[in-house]
Enquirer: 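Below are the structure tokens for one structure; questions will follow.
Along the sequence shown, residues are numbered consecutively beginning with 1.
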Amino acid sequence: MKKILLSLSVASLIPFSAMAQNSAPMATPIINTIPDAQDVPFKGTMKLNVDVTNIDQGIFNVEQTIPVQKTGEQVLLFPKWLPGKHAPRGAVEKLAGLKIYGNGKKIEWVRDTVDVYAFHINVPDGVNELKLEFQYLSPTAPNQGRMEVTPDMMSLQGNSVSLYPAGYYVRNIPISWTVKLPKDWKAATALRPTSTNGDTITYETVPYDVFVDSPILAGRYSKKVELSPKVTLNIFADAPKYLEYKPEQMELHKKLVEQAVKTFGAEHYDHYDFLFSLSDKLGGIGLEHHRSSENGVESGYFTEWATSLSSRNLLPHEYTHSWDGKFRRGADLWTPDYRTPMQNSLMWVYEGQTQFWGYVLGARSGLFTKEQTIDAYASIAADLDGRAGREWRDLIDTTNDPIITPRAPKGWTSYQRSEDYYNEGMLVWIEVDGKIRELTKGKKGIDDFAKAFFGIKNGDYGEDTYKFEDVVSTLNTVAPYDWGKLLNDRLFEHADGAPLAGFAASGYKLVFNDKPNEYIKDVEGRGKFLNLNYSLGMSVANDGAVNSVIWGGLAFKNTLAIGDKIISINGKAWSKEAAIDEIKAAKDAKEPLQLIVLASGLYKVINIDYHGGIKYPHFEKTGGPGALDKLLEPLK
């Protein structure tokens, strides 16, 4: 034994590489050959012509002219890190057929092997401008990405159909563009046309960052509604019937604008365009821009108003971003071009407070009733309260999620966590509002913070950046308190449950009963599933497919997972109605619920010993009017 130990000891002194006797190369340094963005002038104007008439195949044909600043080595970039996406999400894989010419002669390009969004070229002497030709191949099936073109409608984003030269702040690069639409289509965008020739529209010259921030929504069937002298709702639909709305519905949208302007005290646009698509064919979207927003919902938003409750949060949320995220932006998120990586550490303000104001403005405008808003809060609070992932992953780390997982499906969301900075961030801001009202004896609230933080520089639609310390100092001007500690506690803690102190301070208690609240009922109906998260710890599609499993819940403990399909419950073919009946009946039974499940091609029987009945979350009022009740009242 001693000899063996000795031999092991001696062996441990020999370098592993020498023991292995294998080749051992040294690392080759990565050398950056792409110029960093500089805040210097760009001479001339890029010109862009895009033909989007091939709607049958969704192919956009592009011609672009770029003035040459100097000859020799140059780099052209396809936008990579996209504002609003918070991640490197530029669809460079859909760029095809790229050809570059100078003085009529082809210039060969080489893609950078480190940054594949960059194209190296050598510009010959005497060439004053580059002419580019390429195609953007929009998805022809949902598994290729969001559907951007249908026979009657399209989304056209400037970042998908243009390149720009490296080495410049994008705000210094002017661009003008012309778009050729299908016959008789109309278009809406924050940009204003300078001329129209048949179906071809030429838009004003703007800086490249404004251009990228100004997408187009175009289509065969559309309607415009002026919500205020500065704000337009541009509606596009699959068919004319979906454009019909009742006057009282549109009044609520006008009140949304009115309440937002009263809340923030300034407007950070010269005009604002909601690009609103009502479609079951075009991919849904919610993407903020400074003077516009892309908002895509199902076709029946107006015509099936009673069942569009959960869709009505989209417009308030995206509109709020004009103030929060576009005008006031976290300093580490702002970048001079679309190659510089974004950092998302302040997304709990950018998205969390926007989520907060989206629900508040929805209630203040009447798009939701107060009761419907409280129901939505209860659903959100209950889901977050059961996040097992909180034990290992704090809220601040979820701000990295757009980069870690660009909204790809997850097997165990409750444990892995997702972009929780949206909803959990909202709960933190509800707590902040309650604390301000407590400290000032009801004289002030978070509206005072909103005016001080977002309501500055009226009409300015540049970007005003901030850091954590700026948030804290502004809160202290409203109500002195150790805001840094409160916010850091919420951002970095590993609490057992969600931060519900704001509700408790307003006299609301999270309870469960067997009646789905109005918000959950709407979400279940639209999503065609049964929410059993608060009972069996899973949600199941109406056809029996398991949609989610709560980490540590009963379904989890009984080996269920996403991808499984429940065939029957207690001998009855699975349906939403049968499941509800059997789970309710089990309250008075001793036998476990018996599920037959198809998992990985095999059938198995699962017995779940549960007798608690169906459970849904609600906020129960335990006292008189509190901070939250005041918060949801319309401003006068």
Enquirer: By side chain to side chain donor-acceptor pair (under 3.5 Å), which residues pair with Tyr422, not counting sequence neighbours?
Expert: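 Applying side chain to side chain donor-acceptor pair (under 3.5 Å) to Tyr422 gives Glu351, Arg407.
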Enquirer: Is it the case that more than 12 heavy atoms not belonging to Lys223 sit under 6.0 Å from its NZ atom?
Expert: yes
Enquirer: Please determine, by modelled atom types, if Ser539 and Asn531 share a side-chain donor-acceptor pair under 3.5 angstrom.
Expert: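 No pair is found: no donor N or O on one side chain lies under 3.5 Å from an acceptor on the other.
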Enquirer: Please report the closest heavy-atom contact between Pro215 and Leu275, naming both atoms and the distance.
Expert: O-CD1, 3.5 Å
Enquirer: Holding to side chain to side chain donor-acceptor pair (under 3.5 Å), I want the full list of residues that pass it with Gln249, two or more places apart in sequence or in another chain.
Expert: none
Enquirer: Check this for me: does any side-chain nitrogen of one of Glu518 and Lys521 sit under 4.0 Å from a carboxylate oxygen of the other?
Expert: no
Enquirer: Short question: side chain of Asn517, backbone of Asp375 - any donor-acceptor pair under 3.5 Å?
Expert: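 Indeed, once roles are kept as given, a pair shorter than 3.5 Å links the two residues.
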Enquirer: Counting heavy atoms not belonging to Lys255, are there more than 12 under 6.0 Å from its NZ?
Expert: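 Incorrect, the count does not exceed 12.
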Enquirer: Show the nearest heavy-atom pair for residues Ser506 and Asp629, with the distance to one decimal.
Expert: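 Closest approach of Ser506 to Asp629, heavy atoms only: O-OD2, 4.1 Å.
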Enquirer: Under the 3.5 angstrom rule, does the side chain of Asn400 hit a backbone N or O of Ile403 as a donor-acceptor pair?
Expert: no
Enquirer: Return the set of residues passing ring pair (Phe, Tyr, Trp, His ring centres under 6.0 Å) with Tyr242 (not counting sequence neighbours), or none when no residue passes.
Expert: none
Enquirer: Quick one: does Asp385's side chain have a donor or acceptor within less than 3.5 Å of a partner on Ala498's backbone?
Expert: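 Yes: the side chain of Asp385 pairs with the backbone of Ala498.
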Enquirer: So, using side-chain contact (heavy atoms from CB on, under 4.5 Å) as the criterion, who are the partners of Lys410 when residues are at least two apart?
Expert: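 With sequence neighbours excluded, Lys410 shows a side-chain contact (heavy atoms from CB on, under 4.5 Å) to Arg393, Asp401, Thr405, Thr413, Gln416, Ser418, given in chain and number order.
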Enquirer: Using a strict cut-off of less than 4.0 Å between a Lys/Arg side-chain nitrogen and an Asp/Glu carboxylate oxygen, indicate whether Lys435 and Glu438 qualify as a salt bridge.
Expert: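 Salt bridge flag = yes for Glu438 with Lys435.
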Enquirer: Salt bridge or not between Lys443 and Asp448? Use side-chain N to carboxylate O under 4.0 Å.
Expert: no
Enquirer: Is it true that a side-chain atom of Lys621 and a backbone atom of Gly624 form a donor plus acceptor pair closer than 3.5 Å?
Expert: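 Flag set: sc Lys621 to bb Gly624 pair under 3.5 Å.
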Enquirer: Does Lys224 reach the main-chain N or O of Ile235 with its side chain, forming a donor-acceptor pair under 3.5 Å?
Expert: no
Enquirer: Restricting to side-chain contact (heavy atoms from CB on, under 4.5 Å), what partner residues turn up for Arg526, sequence neighbours left out?
Expert: Glu298, Ser308, Ser310, Ser311, Asp522
Enquirer: For the pair Arg417 and Asp397, find out whether any cationic side-chain nitrogen is under 4.0 Å from an anionic carboxylate oxygen.
Expert: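 A salt bridge is absent here (no side-chain N lies under 4.0 Å from a carboxylate O).
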Enquirer: What I want to find out is whether Lys262 reaches Asp447 closely enough, with some N-O distance under 4.0 Å, to be called a salt bridge.
Expert: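 Judged by the 4.0 Å cut-off on N to carboxylate O distance, Lys262 and Asp447 do not form a salt bridge.
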Enquirer: Is it true that a side-chain atom of Ser473 and a backbone atom of Asp470 form a donor plus acceptor pair closer than 3.5 Å?
Expert: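 Flag set: sc Ser473 to bb Asp470 pair under 3.5 Å.
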Enquirer: Can you name the residues that form a side chain to side chain donor-acceptor pair (under 3.5 Å) with Arg89, not counting sequence neighbours?
Expert: none
Enquirer: Between Ala479 and Leu439, what is the shortest heavy-atom contact and its length?
Expert: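 Minimum heavy-atom separation between Ala479 and Leu439: CB-CD1, 4.1 Å.
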Enquirer: Drop me the distance from Asn547's CG to Asn542's CG, to the nearest 0.5 angstrom.
Expert: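 If I round to the nearest 0.5 Å, the distance is 9.0 Å.
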Enquirer: Which atom pair, heavy atoms only, marks the closest approach of Ala266 to Trp323?
Expert: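 It is O-NE1, 2.6 Å.
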Enquirer: Using modelled atom types and a 3.5 Å cut-off, is there a donor and acceptor pairing between side-chain atoms of Thr232 and backbone atoms of Asn234?
Expert: no
Enquirer: How close do Thr263 and Lys451 get, heavy atom to heavy atom, and via which atoms?
Expert: O-NZ, 3.3 Å
Enquirer: Is the cationic atom of Arg312 (NZ for Lys, CZ for Arg) positioned less than 6.0 Å from the six-membered ring centroid of Trp305 and within 45 degrees of its normal?
Expert: yes
Enquirer: Looking at Glu463 and Arg171, is there a salt bridge between them, counting it only when a charged N and a carboxylate O are closer than 4.0 Å?
Expert: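 Between Glu463 and Arg171 there is no salt bridge, as every charged N stays at least 4.0 Å from the carboxylate O atoms.
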Enquirer: So if I apply the ring pair (Phe, Tyr, Trp, His ring centres under 6.0 Å) rule between His253 and each of Tyr301, Tyr245, Tyr319, Phe276, which one comes out positive?
Expert: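 Of Tyr301, Tyr245, Tyr319, Phe276, ring pair (Phe, Tyr, Trp, His ring centres under 6.0 Å) with His253 is met by Tyr301 alone.
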Enquirer: Kindly indicate whether the side chain of Leu217, heavy atoms from C-beta on, has any atom under 4.5 Å from the side chain of Ser277.
Expert: yes
Enquirer: From Arg329 CZ over to His321 NE2, what is the distance, rounded to the nearest 0.5 angstrom?
Expert: 11.0 Å
Enquirer: Do Ile436 and Trp483 make a side-chain contact, defined as non-hydrogen atoms from C-beta onward lying under 4.5 Å apart?
Expert: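 In contact.
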Enquirer: Is there side-chain contact between Phe356 and Ile430, with at least one heavy-atom pair below 4.5 Å?
Expert: yes
Enquirer: If you round to the nearest 0.5 Å, how far is OG1 of Thr189 from CZ of Phe211?
Expert: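 One finds 9.5 Å between CZ of Phe211 and OG1 of Thr189.
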Enquirer: How close do Val478 and Thr440 get, heavy atom to heavy atom, and via which atoms?
Expert: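 For Val478 and Thr440, the tightest heavy-atom pair comes out as O-CG2, 4.2 Å.
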Enquirer: Does Ser228 have any side-chain contact (heavy atoms from CB on, under 4.5 Å) partners at least two apart in sequence or in another chain, and if so, which?
Expert: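 So Ser228 forms a side-chain contact (heavy atoms from CB on, under 4.5 Å) with Lys230, Val231, Val257.
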Enquirer: Is Asn458 atom CG crowded by more than 12 heavy atoms from other residues, nucleotides or ligands, each under 6.0 Å away?
Expert: yes
Enquirer: May I ask you to check whether Asn295 and Ser293 show a side-chain donor-acceptor distance below 3.5 Å?
Expert: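 A donor-acceptor contact under 3.5 Å links the two side chains.
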Enquirer: Return each pair, listed once, that meets ring-ring contact (aromatic ring centres under 6.0 Å, His included) where at least one residue sits in residues 508-527; pairs must be two or more places apart or across chains.
Expert: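 The answer is Phe512-Tyr534.
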Enquirer: Answer whether the closest heavy-atom distance between the side chains of Leu510 and Phe503 falls below 4.5 Å.
Expert: no
Enquirer: Output side-chain donor-acceptor pairs under 3.5 Å for residues 282-292, partner residues at least two apart or in another chain, one line each.
Expert:
from, atom 1, to, atom 2, distance (Å)
Glu288, OE2, Tyr350, OH, 2.5
His289, ND1, Asp213, O, 3.4
His289, ND1, Asp213, OD1, 3.1
His289, NE2, Glu294, OE2, 2.8
His290, ND1, Tyr461, O, 3.3
His290, NE2, His268, O, 3.3
Arg291, NH1, Asp270, OD1, 3.0
Arg291, NH1, Asp270, OD2, 3.3

Enquirer: Would Asp383 and Arg387 pass as an ion pair if we require N to O under 4.0 Å?
Expert: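 Judged by the 4.0 Å cut-off on N to carboxylate O distance, Asp383 and Arg387 do not form a salt bridge.
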Enquirer: Answer whether the closest heavy-atom distance between the side chains of Ile550 and Phe556 falls below 4.5 Å.
Expert: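 A side-chain contact is absent here, since even the closest heavy-atom pair is not under 4.5 Å.
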Enquirer: Which pairs would a plain distance check flag for residues 341-349, meaning a side-chain donor or acceptor within less than 3.5 Å of a matching protein atom at least two apart in sequence or in another chain?
Expert:
from, atom 1, to, atom 2, distance (Å)
Asn344, ND2, His86, O, 3.1
Asn344, ND2, Thr399, O, 3.3
Ser345, OG, Asp332, OD2, 2.5
Trp348, NE1, Ser345, O, 3.0

Enquirer: Test side-chain contact (heavy atoms from CB on, under 4.5 Å) on Thr474 and Tyr466; report intermediate values, then the result.
Expert: CA-CA 11 Å; Thr474 305; Tyr466 62 88; over 6 Å; no
Enquirer: Excluding sequence neighbours, so at least two apart, what forms side chain to side chain donor-acceptor pair (under 3.5 Å) with Ser414?
Expert: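 Ser414 satisfies side chain to side chain donor-acceptor pair (under 3.5 Å) with no other residue.
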Enquirer: Please check this pair: side chain of Arg490 against backbone of Pro499, looking for a donor-acceptor N/O pair closer than 3.5 Å.
Expert: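 Checking the backbone N and O of Pro499 against the side chain of Arg490, no donor-acceptor pair under 3.5 Å is found.
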Enquirer: Using salt bridge (Lys or Arg N to Asp or Glu O under 4.0 Å) as the criterion, list what pairs up with Lys630, not counting sequence neighbours.
Expert: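 Testing Lys630 for salt bridge (Lys or Arg N to Asp or Glu O under 4.0 Å), a comparison that skips the adjacent residues, returns Glu633.
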Enquirer: Please tell me if the side chains of Asp324 and Phe454 come closer than 4.5 Å, counting only heavy atoms from C-beta onward.
Expert: yes
Enquirer: Between OG1 of Thr373 and CZ of Phe619, what distance do you get to the nearest 0.5 Å?
Expert: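 So the OG1 of Thr373 and the CZ of Phe619 are separated by 12.5 Å.
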